[in-house]
Amino acid sequence: MNTTSVAGRTWHFSHALGRPSAEHNDKTGGYNCPIDVAATSDDILFVLSRGVGVNVLGYQRDAGRRIGKTTLAEEHIGDFARTHFVWPTGLDISGDGNVFVSDEHTNQILIFPPDRIQPYPEFNPEGEQIGQWGEAGPDEGQLSGPSGIEFDTDGNLFIVNSGNGRIQKFTKDGKFLLGWGSTGNGESEFSRPWGICFDRDGNVYVADWGNHRVQKFTADGKYIMSFGTSHDEGGDLNHPSGVAVDSDGDVYVTDWGHRRVVIFEPNGDVITSLYGDAQELSKAGEYIIRRDPGTIKAYRQVKDKSELGRFLRPVGIAVDGEDRVIITDTAGRLQVYAKDHNYVEPEFKLEIAP
Amino acid sequence: MSNKEDIALMAHLLRRAGFGASREEIERRLEVGYDATVEELLHPEDQPDTDLALFLRYHPASERSSALPNSQLNWLYHMVMTQRPLEEKMTLFWHHVFATGYDKVESPTEMLDQINMLRESGMGNFKELLFKLAMNPTMIFWLDNNENHKRAPNENWGRELLELFSMGVGNYTEDDVKQCARAFTGWTIGYKIHWLLWGPHLWPFEYHPEDHDVGQKDFLGHSGNFNGEDIIEIVAQQPATAKFIGRHLYNFFIADEPQVPAWPFEKPKEPEVIDILTEAFIDSDFEIKPVLRLLFKSDFFKDAAFRKVRSPAEIVVGALKTSGDMHGPDPRWSAVTEEPTNMGQGLMNPPSVEGWHTGREWINSGAFVNRVNFAAEKVGDPSLPGIQDIVRRIAGSNGSAMTPETLVDACIDLLGPIQIKPETRDELITQVTPSGPISWSSVQNHGKSAQQVGDVLALIAGTREFQMG
């Protein structure tokens with residue numbers, strides 16, 4: 001077991017999910033540049049793929065952009081929403097269970113029911129989508145490159161406008177409530193911001209991608225602090241993309257440029273970093289081994305798998321109710337870490353003979 | 001104010017040492033001067049690199065992919081967006097010379113990694129470049145050096161190193177090929193892991209000393225216990241190598257030569273020019289920049305405008321740069337990436353180790369239609385910023401009305417200037433005349449006239465002369 005134990009906290013690498021996959025290979029679940037993920041209380045994951053459709057002879061309407069539904073234990077349920085996106089970026093689940101997705105090219109929020117799985121290749125996208133809203137533009141209440149999205153505990157949707165550096169709050173039906181921010185590098189200013197999340201006090205964290213930092217605000221947009229710009233103890237961020245907070249208030253940032261996840265104290269002090277530990281294959285990877293014996297030879301040739309377990313580009317991140325951390329990697333898989341609240345460091349006693 | 005000859009010469013330099021430029025860039029560089037521009041092109045490290053983070057944020061599939069178009073997109077984006085045009089042009093040059101193809105490699109990630117290596121090392125020292133090439137996992141797999149063992153040599157890499165990458169046919173013996181192959185035994189790749197398992201990963205180079213033939217080799221008149229580095233040192237010192245690379249440089253930067261397989265039998269068009277390049281290559285101890293400096297400042301280069309058929313990559317990137325379209329991340333890149341392939345130049349997938357056949361062989365009926373359609377669509381669109389600039393220049397310099405002759409001449413000038421035959425000019429004027437004079441006297445006229453300018457530019461894109469560069 002790969003364990004990272006620092007400052008009284010411990011994270012165990014749990015397992016990987018999925019593999020890079022075009023739609024037509026999707027027997028056991030796969031992802032095409034997974035860019036965001038959301039977890040439900042009953043261990044269901046919704047994974048948003050931002051890949052490119054593949055024109056493969058004999059495979060019609062192969063979808064690189066889609067939503068995958070799986071259990072945390074990697075029992076793949078299926079895919080949907082294959083033909084609706086240009087640049088899907090953020091995903092979250094509303095209180096009534098619907099899946100909301102931002103498209104940063106079309107400046108739209110699209111809404112899908114969570115259970116309308118469409119088997120490949122017979123799928124029919126007609127009627128699959130149950131809602132859509134958003135008006136493109138730079139003004140208050142308009143969308144400009146919507147990227148990260150997150151529902152607060154009141155059921156309102158926060159949207160990060162990457163195009164003009166604004167954070168805006170809407171009802172789930174799209175009514176504008178409040179907003180703040182502009183383009184720049186000062187307090188409450190952003191450069192192509194991306195991911196967003198809340199802590200249990202309702203404070204808002206935004207991954208300020210182009211300014212290499214995370215900014216923290218009150219729920220109504222009052223600036224509190226920034227972190228991630230310190231070079232001390234590995235706390236310098238390079239194009240952070242996603243952010244999530246666990247039940248203890250520890251903050252997880254997908255450090256896209258450095259290919260790692262940095263964990264911060266609520267006050268911005270660095271705790272540690274995770275670099276990816278998926279050396280063992282996911283169930284989807286094992287399926288490939290079973291299906292194609294030729295890959296076994298290649299698999300066995302790899303003596304040191306540590307490099308293969310690393311993140312390529314960690315992007316989306318979610319923490320579920322049991323503080324399991326789920327990270328999407330554009331390499332085509334997810335990695336899951338579990339936080340252990342009761343972990344005790346093994347003690348090694350030196351027995352000295354009398 | 002620069003005269004027409006200065007503008008034409010700077011445009012020629014930027015077409016050959018890059019992928020073309022807008023009139024605004026040409027004028028800006030003329031303020032600096034021709035020689036200073038050559039120096040700037042020769043020092044890409046002084047210019048900002050392409051913002052790869054911005055590109056990959058919006059095109060994440062183009063970093064490590066299992067689909068070739070995603071890697072092709074990565075390179076095409078560099079060609080359009082680069083502020084280091086000669087660095088990118090030299091990357092394409094070496095891809096022509098050291099042709100490696102996806103059809104066998106089957107890893108777009110590895111193909112892109114080789115292109116990145118060529119970009120990083122393509123303007124340095126030729127010996128060092130050959131050394132990196134010999135250790136490049138993509139090349140090792142492409143030419144089977146991972147199957148080149150002490151007790152079972154495979155001569156593929158050794159043969160092509162001499163035949164196509166350095167000296168050329170007729171300058172070595174079959175035994176030299178065998179000895180060369182022996183020296184590279186044990187140069188291999190660690191593993192070639194399937195991308196479906198962990199996602200696309202780079203293959204590692206490994207040297208296996210236990211699989212290396214340590215015996216004496218007799219190679220090109222030298223004897224010793226040679227390893228691969230020694231072979232590259234000997235190969236690089238051969239006058240035939242300098243001459244071979246010199247002819248490639250001539251073919252790529254000056255004028256179309258016969259196809260490479262014909263070189264042992266057909267003399268160069270200008271052997272004295274290739275001799276000059278060969279001598280410069282040897283004098284510089286195989287540094288590439290001094291040869292390029294000499295080339296771009298020479299009269300034989302300056303006199304060589306429009307003596308080459310533009311490659312598909314040059315047509316596509318040139319049209320995008322002229323029109324100012326696709327200037328940054330854009331969902332339409334996926335479709336644009338298919339264009340060079342549709343015109344006969346699938347980047348990272350040349351037809352064989354000989355590379356693409358160039359010159360007139362770029363043109364066949366299907367490819368020609370695709371070249372014209374793509375270029376005409378871009379330069380004929382007055383909503384694009386580069387074409388808007390051309391319209392502004394034409395509207396601003398010709399009073400309230402223009403004859404068809406004036407309009408055609410202005411468009412020929414601002415699209416190049418292109419060297420166009422009198423009969424082609426006459427034909428263009430004939431095509432334009434039914435529309436009558438165009439006027440810039442009112443806002444209503446302006447929109448109609450802008451479209452007329454676009455229509456003339458699109459007509460020019462369909463001429464034979466537009467295919468030359």
Side-chain angles (χ1 to χ4, degrees), chain A residues 16 19-22 25 30 32-35 50-56 64 86-87 89 104-106 147 162 192 194 209-210 238-239 241 256-257 278-279 281-282 284-289 291-292 294-295 298-305 307-310 312-313 315 329-333, chain B residues 51-74 76-77 106-110 112-113 137 141 146 188-206 208 326 328-338 341-342:
Chain A
R19 59 181 172 83
S21 167
N25 287 322
N32 195 329
C33 282
I35 198 165
R50 162 71 175 266
V52 179
V54 181
N55 295 319
V56 182
V86 179
W87 276 353
T89 306
E104 63 185 334
H105 184 75
T106 61
S147 50
S162 64
R192 296 181 188 270
W194 194 338
W209 188 79
N238 181 349
H239 293 101
S241 51
W256 183 92
Q279 298 176 32
L281 293 174
S282 65
E286 289 172 355
Y287 169 80
I288 294 297
I289 293 273
R291 189 188 70 172
D292 181 2
T295 57
Y299 176 77
R300 288 176 178 157
Q301 279 182 330
V302 186
K303 298 178 187 76
D304 178 4
K305 297 187 177 67
E307 278 303 311
L308 299 173
R310 303 282 191 220
L312 174 63
R313 296 284 183 189
V315 187
D329 183 348
T330 57
R333 65 185 170 191
Chain B
D51 189 344
L52 197 60
L54 182 69
F55 170 66
L56 292 176
R57 167 168 176 169
Y58 294 97
H59 297 277
S62 288
E63 183 165 26
R64 286 187 190 172
S65 179
S66 57
L68 181 61
N70 292 331
S71 288
Q72 292 172 321
L73 192 165
N74 186 310
L76 197 66
Y77 185 89
E106 291 186 325
S107 167
T109 295
E110 276 299 323
L112 182 61
D113 188 58
F141 184 75
N146 53 325
T188 189
I189 50 179
Y191 51 83
K192 186 171 171 284
I193 197 72
H194 200 295
W195 62 270
L196 278 172
L197 300 177
W198 280 277
H201 279 81
L202 295 172
W203 309 336
F205 168 78
E206 285 186 6
H208 294 171
M326 310 292 289
D330 193 311
R332 296 175 298 150
W333 274 111
S334 294
V336 170
T337 299
E338 295 175 5
T341 306
N342 295 341

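A note on names: the letters A, B, ... follow the listed sequences, proteins ahead of strands, and every chain is numbered from 1. Remember, predicted model here, so these are calculated numbers, not experimental data. What you see below is based on every heavy atom in this structure, not just the backbone, and it leaves out hydrogens, waters and symmetry mates.
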Atom group of A:Glu104 that falls short of 4.5 Å from chain B, counting heavy atoms: side chain

statement: Distance col, row A:His239:NE2 vs B:Leu56:CG, nearest 0.5 angstrom, shows 10.5 Å

query: With a 4.5 Å limit on heavy-atom distance, are the side chains of B:Pro204 and A:Glu307 in contact?
result: no

Separation between CG of A:Leu312 and OG1 of B:Thr109, rounded to the nearest 0.5 Å: 8.5 Å

message: To the closest 0.5 Å, what do you measure between CZ (B:Arg64) and OG1 (A:Thr330)?
response: 9.5 Å

query: Are the side chain of A:Arg50 and the backbone of B:Tyr58 linked by a donor-acceptor contact shorter than 3.5 Å?
result: yes

- prompt: Nearest 0.5 Å, what's the OH-CG distance between A:Tyr287 and B:Leu196?
  reply: 10.5 Å

- request: Sort A:Thr106 into side chain, backbone, both or neither according to what part of it lies under 4.5 angstrom from a heavy atom of chain B.
  value: neither

- prompt: For A:Ala278, is it the side chain, the backbone, both, or neither that has a heavy atom closer than 4.5 Å to a heavy atom of chain B?
  reply: backbone

message: Using 0.5 Å steps for rounding, measure from the CZ atom of A:Arg310 to the NE2 atom of B:His201.
response: 10.0 Å

message: For B:Pro329, which atoms come within 4.5 Å of any heavy atom of chain A: side chain, backbone, both, or neither?
response: both

query: Has the side chain of B:Trp198 got a donor or acceptor atom that lies under 3.5 Å from a matching backbone atom of A:Leu281?
result: no

Contacting moiety of A:Trp256, where chain B heavy atoms sit under 4.5 Å: side chain

task: Name the region of B:Leu73, side chain, backbone, both or neither, that has any atom closer than 4.5 Å to a heavy atom of chain A.
output: neither

- prompt: For A:Cys33 and B:Pro60, which heavy atoms make the closest approach, and how far apart are they?
  reply: SG-C, 3.8 Å

- prompt: So, the side chain of A:Arg313 versus the backbone of B:Glu63: is there a donor-acceptor pair under 3.5 Å, distance only?
  reply: no

Exercise: identify the closest heavy-atom pair between B:Ser334 and A:Val52: OG-CG1, 4.0 Å

- prompt: Under a 4.5 Å heavy-atom cutoff, which of A:Ile288, A:Asn238, A:Leu308 has the most pairs with chain B?
  reply: A:Leu308

statement: When the 4.5 angstrom heavy-atom criterion is applied to A:Val86 and chain B, the contacting part is side chain

Over all atoms of both residues, closest heavy-atom pair of A:Pro20 and B:Gly199: CG-CA, 3.4 Å

